[in-house]
Peer 1: 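The structure under discussion is supplied below as structure tokens; questions concerning it will follow.
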Amino acid sequence: MEAKNDFFDRVYEIVKLIPEGKLCTYGLIAKAIGLPSGARMVGWAMNKSLYQKESIPAHRVLNRNGLLTGKQAFGNPFMMQELLEAEGHHIVNDGVVDFESKLWNPLIELD
DNA sequence: CGTCTGACGCACG
DNA sequence: GCGTGCGCCAGAC
């Protein structure tokens, strides 16, 4: 991780580290890679991650509001919700219930 | 090289 | 509490 990996590679590594049943936010990941203001880039990388060979749990990444902002990117707007529910999360109005409690901080793992 | 856009985030009204 | 605007960084045109 010390190498100057591309912004996307950084994001992918963090997202892949997200434990099942846990969630994370764009801003949090952005901060973890050293770009606290690059939340938009994280989301962008997520969209691109769907085209990567590796399976990136992009559905575990939500905005700071805990909303499924990128559900549409999965091809089917319900896909992201189903994936999250399959991991024991409850979705209401495109938002994760008790999302903050399920939030996972990448900074802890990188510490 | 200038401009627009984007799975965001925050400040303001 | 909600809508709007701006900043943020990187890529596409």
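Bear in mind that the values here come from a model prediction, so they are computed numbers and not experimental data. Each chain gets a letter, A, B and so on, in the order the sequences are listed, and its residues count up from 1. Values below: all heavy atoms of this structure, side chains included; hydrogens, waters and symmetry mates excluded.
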Peer 1: Indicate, with yes or no, if M41(A) and Y12(A) share a hydrophobic cluster defined by side-chain heavy-atom contacts under 4.5 Å among Ile, Leu, Val, Met, Phe, Trp and Tyr.
Peer 2: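 In one cluster: yes.
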Peer 1: E54(A): which residues meet the salt bridge (charged side-chain N to carboxylate O under 4.0 Å, His left out) condition with it, sequence neighbours left out?
Peer 2: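 With sequence neighbours excluded, E54(A) shows a salt bridge (charged side-chain N to carboxylate O under 4.0 Å, His left out) to K16(A), given in chain and number order.
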Peer 1: Which dot-bracket string describes DNA chain B (Watson-Crick N1-N3 plus N6-O4 or O6-N4, or G-U N1-O2 and O6-N3, all under 3.5 Å; [ ] crossing; | other strand)?
Peer 2: .|||||.||||||
Peer 1: Sugar-phosphate means primed atoms, P, OP1 and OP2; the rest is base. With that split, encode nucleotides 7-13 of chain B 5' to 3' as B, S or - using protein heavy atoms under 4.0 Å.
Peer 2: BBSS---
Peer 1: At a heavy-atom distance below 4.0 Å, what parts of residues 82-99 of chain A sit against DNA chain B?
Peer 2: none
Peer 1: Report all side-chain donor-acceptor pairs from residues 81-97 of chain A shorter than 3.5 Å, counting only partners two or more places apart or in another chain.
Peer 2:
{"from": "Q81(A)", "atom 1": "NE2", "to": "E85(A)", "atom 2": "OE2", "distance (Å)": "3.3"}
{"from": "E87(A)", "atom 1": "OE1", "to": "G21(A)", "atom 2": "N", "distance (Å)": "3.4"}
{"from": "E87(A)", "atom 1": "OE1", "to": "R60(A)", "atom 2": "NE", "distance (Å)": "3.1"}
{"from": "E87(A)", "atom 1": "OE2", "to": "H59(A)", "atom 2": "NE2", "distance (Å)": "3.1"}
{"from": "E87(A)", "atom 1": "OE2", "to": "R60(A)", "atom 2": "NE", "distance (Å)": "3.1"}
{"from": "E87(A)", "atom 1": "OE2", "to": "R60(A)", "atom 2": "NH2", "distance (Å)": "2.9"}
{"from": "H89(A)", "atom 1": "ND1", "to": "K102(A)", "atom 2": "NZ", "distance (Å)": "3.4"}
{"from": "H89(A)", "atom 1": "NE2", "to": "G21(A)", "atom 2": "O", "distance (Å)": "3.4"}
{"from": "D94(A)", "atom 1": "OD1", "to": "K71(A)", "atom 2": "NZ", "distance (Å)": "3.0"}
{"from": "D94(A)", "atom 1": "OD2", "to": "K71(A)", "atom 2": "NZ", "distance (Å)": "2.8"}

Peer 1: Say whether L67(A) and V15(A) are linked into one hydrophobic cluster, either directly or through other cluster members, by side-chain heavy-atom distances under 4.5 angstrom.
Peer 2: no
Peer 1: Taking only residues two or more places apart in sequence or in another chain, which ones pass side chain to side chain donor-acceptor pair (under 3.5 Å) with S55(A)?
Peer 2: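 If we apply the side chain to side chain donor-acceptor pair (under 3.5 Å) test to S55(A), skipping adjacent residues, there are no hits.
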Peer 1: For the hydrophobic clusters of this structure (ILVMFWY residues joined by side-chain heavy atoms under 4.5 Å, transitively), does one cluster hold both I56(A) and L17(A)?
Peer 2: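 Yes, I56(A) connects to L17(A) through the hydrophobic network.
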Peer 1: Going 5' to 3' along DNA chain C, which are the first and last nucleotides with any atom under 4.0 Å from a heavy atom of chain A?
Peer 2: dG7(C) to dG11(C)
Peer 1: For residues 41-53 of chain A, which residue pairs qualify under salt bridge (Lys or Arg N to Asp or Glu O under 4.0 Å), counting only residues two or more places apart or in two chains?
Peer 2: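 The answer is none; no pair qualifies.
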Peer 1: Look at the side chain of D6(A) and the backbone N and O of F8(A), then say whether any donor-acceptor pair between them is shorter than 3.5 Å.
Peer 2: no
Peer 1: Do V11(A) and W44(A) make a side-chain contact, defined as non-hydrogen atoms from C-beta onward lying under 4.5 Å apart?
Peer 2: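 Side-chain contact under 4.5 Å: no.
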Peer 1: Which atom pairs, one a donor and one an acceptor, fall under 3.5 Å between side chains of residues 22-37 of chain A and the rest of the protein, sequence neighbours left out?
Peer 2:
{"from": "T25(A)", "atom 1": "OG1", "to": "L28(A)", "atom 2": "N", "distance (Å)": "3.1"}
{"from": "Y26(A)", "atom 1": "OH", "to": "V61(A)", "atom 2": "O", "distance (Å)": "3.3"}
{"from": "Y26(A)", "atom 1": "OH", "to": "T69(A)", "atom 2": "OG1", "distance (Å)": "3.4"}

Peer 1: Supply the atom-to-atom distance L68(A) CG to M79(A) CE, rounded to the nearest 0.5 angstrom.
Peer 2: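 Rounded to the nearest 0.5 Å, the CG-CE separation comes to 12.5 Å.
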Peer 1: Checking the side chain of N63(A) only, and the main-chain atoms of G66(A) only, is there a donor and an acceptor separated by less than 3.5 Å?
Peer 2: yes
